[in-house]
Each structure stands twice: as structure tokens, then as C-alpha cells.
**Q** 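I have a structure here, written as C-alpha cells, and I will follow up with some questions on it.
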2 protein chains.
Amino acid sequence: MKDKELTTEQKIKYVQDTLFVISGKWKLPILIAMNQGCYRFRDIQRSVLPITTRVLSRELKDLEENKLVIRTVYDAPKTVEYTVSPYCKSLKPLVDEMIKWGQNHRRKISGK
Amino acid sequence: MKDKELTTEQKIKYVQDTLFVISGKWKLPILIAMNQGCYRFRDIQRSVLPITTRVLSRELKDLEENKLVIRTVYDAPKTVEYTVSPYCKSLKPLVDEMIKWGQNHRRKISGK
DNA sequence: CATATTGGTATCCTATAGGTTATTGATATC
DNA sequence: GATATCAATAACCTATAGGATACCAATATG
């Protein structure tokens with residue numbers, strides 16, 4: 001664990017793992033919306049429009065498999081609730097970097 | 001510029017911008033290889049195998065359009081050289097975060 | 001009891017990313 | 001002068017991501 005010296009191949013592998021989990025058109029928008037307080041399926045859909053139920057359903061499953069989202073079913077009244085897991089917080093530094101970089105990049109490309 | 005308060009929509013937009021620039025199977029592997037000292041087309045290809053010339057060519061163009069890579073043509077002897085731009089250094093914190101997160105995530109998923 | 005909303009699934013379709021293979025003209029090497 | 005290497009491009013193919021539309025059973029609401 002104190003082995004900070006990664007080979008180039010390892011670095012590439014880990015970066016690709018990360019990309020695999022968070023990339024795609026909707027995953028981060030969904031997580032950001034959920035962090036804003038959306039926890040019901042339709043609420044999430046409405047705040048990440050125009051995503052379809054089909055795609056949202058698959059994305060939530062992927063996120064659940066990666067332990068970033070927790071799906072809970074309550075009865076009385078029967079409802080389904082999605083929440084970001086505690087583990088999901090570990091993404092924050094990464095997402096913050098992405099926001100920062102994207103913001104700066106837009107300035108850079110659109111001629112300052 | 002001191003406006004740190006971004007709306008959810010802005011955050012999502014910037015994150016998507018960033019993803020658009022760096023995602024895909026090869027972009028970061030290429031940049032990592034170039035940082036390791038590869039600057040000739042064939043050198044880059046060999047260190048990011050099994051990428052094909054077709055894909056490498058397109059990726060380098062994309063990276064050039066995003067000002068992350070600089071393409072220089074020399075004559076006498078006529079050679080083409082690709083280098084990472086100074087601006088590319090701005091990606092380092094992000095890529096480091098991705099390496100870190102991916103490494104930890106692998107542990108997390110593969111049952112610790 | 002009729003209608004709307006919930007959390008989805010089933011089909012089908014399109015666009016894009018990426019892969020395969022062959023070829024190019026220009027130089028370099030033997 | 002033949003062969004190999006360079007930096008690509010062309011034509012074609014496949015797999016996957018994502019979108020369109022319809023539908024479902026279960027519950028809630030008017």
C-alpha cells in the first residue's frame with residue numbers, strides 16, 4: 001500500500017478502470033443529481049432529462065454494481081429509493097477536478 | 001473568476017466537457033505514453049499497442065484540437081514529432097486522481 | 001371506479017467508437 | 001536499385017451506447 005511506484009501499464013490500467021466506471025453520457029449527471037437530493041426514480045429522471053427510463057434503469061444498475069448507489073425497497077407504502085452510497089463520496093475529489101478542468105478548458109478552447 | 005458557486009447544470013456541463021476530451025479507450029494511454037518520452041508516431045503506436053494507425057491518427061488529431069498535443073514537422077531530415085503541450089500538464093491532477101481512484105476501486109470491487 | 005403516477009421491461013432502431021486490411025508517397029537503408 | 005520504414009489515409013465492418021416507443025403491474029388520487 002506504500003508502493004507509490006506504479007508502472008506505466010498499471011497507471012493505464014487504473015485510469016481505464018476509472019473511465020469505465022464513470023464515463024458515458026449519464027453516469028455523473030445522475031450522481032450529481034442524486035447528491036442534490038433526488039432519490040426517487042422519476043425524480044432522478046426529471047432532473048437529468050431527456051434521459052429515458054430504459055437508459056436510467058441500466059445506468060442505476062451499473063452504478064449499483066459498482067457500489068456507488070444503493071437501491072432500497074420499502075413496503076407500506078411500497079416505494080423504491082435510490083441513494084448515493086458512503087463510498088460514492090470517494091469520487092468527490094475526482095469529480096471536483098473534472099468540473100475545474102472542464103471549466104478552464106472551455107475558456108482555453110473558446111479563445112480565452 | 002471568483003465565482004465558485006456553480007449551478008448543478010454548469011457542473012454537469014463542465015464534467016461532460018472533460019469526459020468528452022479525455023474519454024475513450026486510447027486518449028489517456030496515449031498521453032501517458034507520450035509523457036514517458038515517446039514522440040514519434042510509430043513509437044507511440046508501439047507503446048500503446050494494439051492500437052492501429054487509423055485510430056492513433058484520429059486520436060492524435062483530437063488531442064491536437066484540444067491543445068493537449070503539438071504536432072511539428074521538420075525537414076532535413078523530414079520527420080514528424082508529437083509532443084505533449086505545456087497545457088497538457090494541467091491534466092496531471094485529474095489523471096493522478098483517476099489513477100488513485102481506479103486503484104482503490106479495484107480493491108473495493110474485488111472484495112478488498 | 002377512472003385516471004395518473006410509480007418503477008420499471010420489451011422491441012426495435014440509429015449513431016458512433018473502434019477494429020481490419022490494404023494502400024500511399026516519401027524517405028532511409030542495404 | 002530493392003527493401004523497409006515512416007506517417008498516414010481509404011474502404012469497409014462490428015459492437016456497443018444510447019434513443020424511440022410501447023407497454024406492464026402496482027399503487028395513489030380525484
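Everything numeric here is computed off the predicted structure, so don't read it as measured data. In what follows, chains are A, B, ... by sequence order, proteins preceding strands, each numbered from 1.
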**Q** Given A/Asp43, which of A/Arg40, A/Gln45, A/Arg46 fulfils the side chain to side chain donor-acceptor pair (under 3.5 Å) condition?
**A** A/Arg46
**Q** Have a look at B/Pro50 and say if it touches a base, only the backbone sugar-phosphate, or nothing, with a 4.0 Å heavy-atom cut-off.
**A** nothing
**Q** C/dG7, C/dT9, D/dC6: which one has an atom nearest the side-chain heavy atoms of B/Arg46?
**A** D/dC6
**Q** Under 4.0 angstrom, heavy atoms only, what part of the nucleic acid is B/Lys27 near: base, sugar-phosphate, or nothing?
**A** nothing
**Q** Which of these nucleotides, D/dA7, C/dG8, D/dT9, is closest to any side-chain atom of B/Val80?
**A** D/dA7
**Q** If the cut-off is 4.0 Å, is A/Thr52 near the phosphate of D/dT21, judged by side-chain N/O to OP1 or OP2?
**A** no
**Q** Under a 4.5 Å side-chain heavy-atom rule over Ile, Leu, Val, Met, Phe, Trp and Tyr, are B/Phe20 and B/Val55 clustered together?
**A** no
**Q** What is the distance from atom CD of B/Glu5 to atom CD of B/Gln10, rounded to the nearest 0.5 Å?
**A** 10.5 Å
**Q** Give a yes/no on whether any side-chain N or O of B/Lys78 is located under 4.0 angstrom from OP1 or OP2 of D/dA7.
**A** no
**Q** What contact category does B/Arg54 fall into here, base, sugar-phosphate, or nothing, at under 4.0 angstrom with non-hydrogen atoms?
**A** base
**Q** Look at B/Arg42 and D/dT5 and indicate whether a side-chain polar atom (N or O) is within less than 4.0 Å of OP1 or OP2.
**A** no
**Q** Check whether any side-chain heavy atom of A/Met34 sits under 4.5 Å from a side-chain heavy atom of A/Val69, and report yes or no.
**A** yes
**Q** Quick check on D/dC6: is either OP1 or OP2 less than 4.0 Å from any side-chain nitrogen or oxygen of B/Thr79?
**A** no
**Q** Does a side-chain N or O of B/Tyr39 approach OP1 or OP2 of D/dC6 to a distance below 4.0 Å, or not?
**A** no
**Q** So, are A/Glu97 and A/Lys100 salt-bridged, with charged N and O less than 4.0 Å apart?
**A** yes
**Q** Is A/Lys25 close enough to C/dA15 that one of its side-chain N or O atoms is under 4.0 Å from OP1 or OP2 there?
**A** no
**Q** Are B/Arg58 and D/dA10 close enough that a side-chain N or O sits under 4.0 Å from OP1 or OP2?
**A** no
**Q** Which nucleotide in the set D/dG18, C/dA28, C/dG8 lies at the smallest distance from any side-chain heavy atom of B/Pro77?
**A** C/dA28
**Q** Any donor-acceptor pair, under 3.5 Å, between the side chain of B/Ser57 and the base of D/dT9, if you only look at N and O atoms?
**A** no
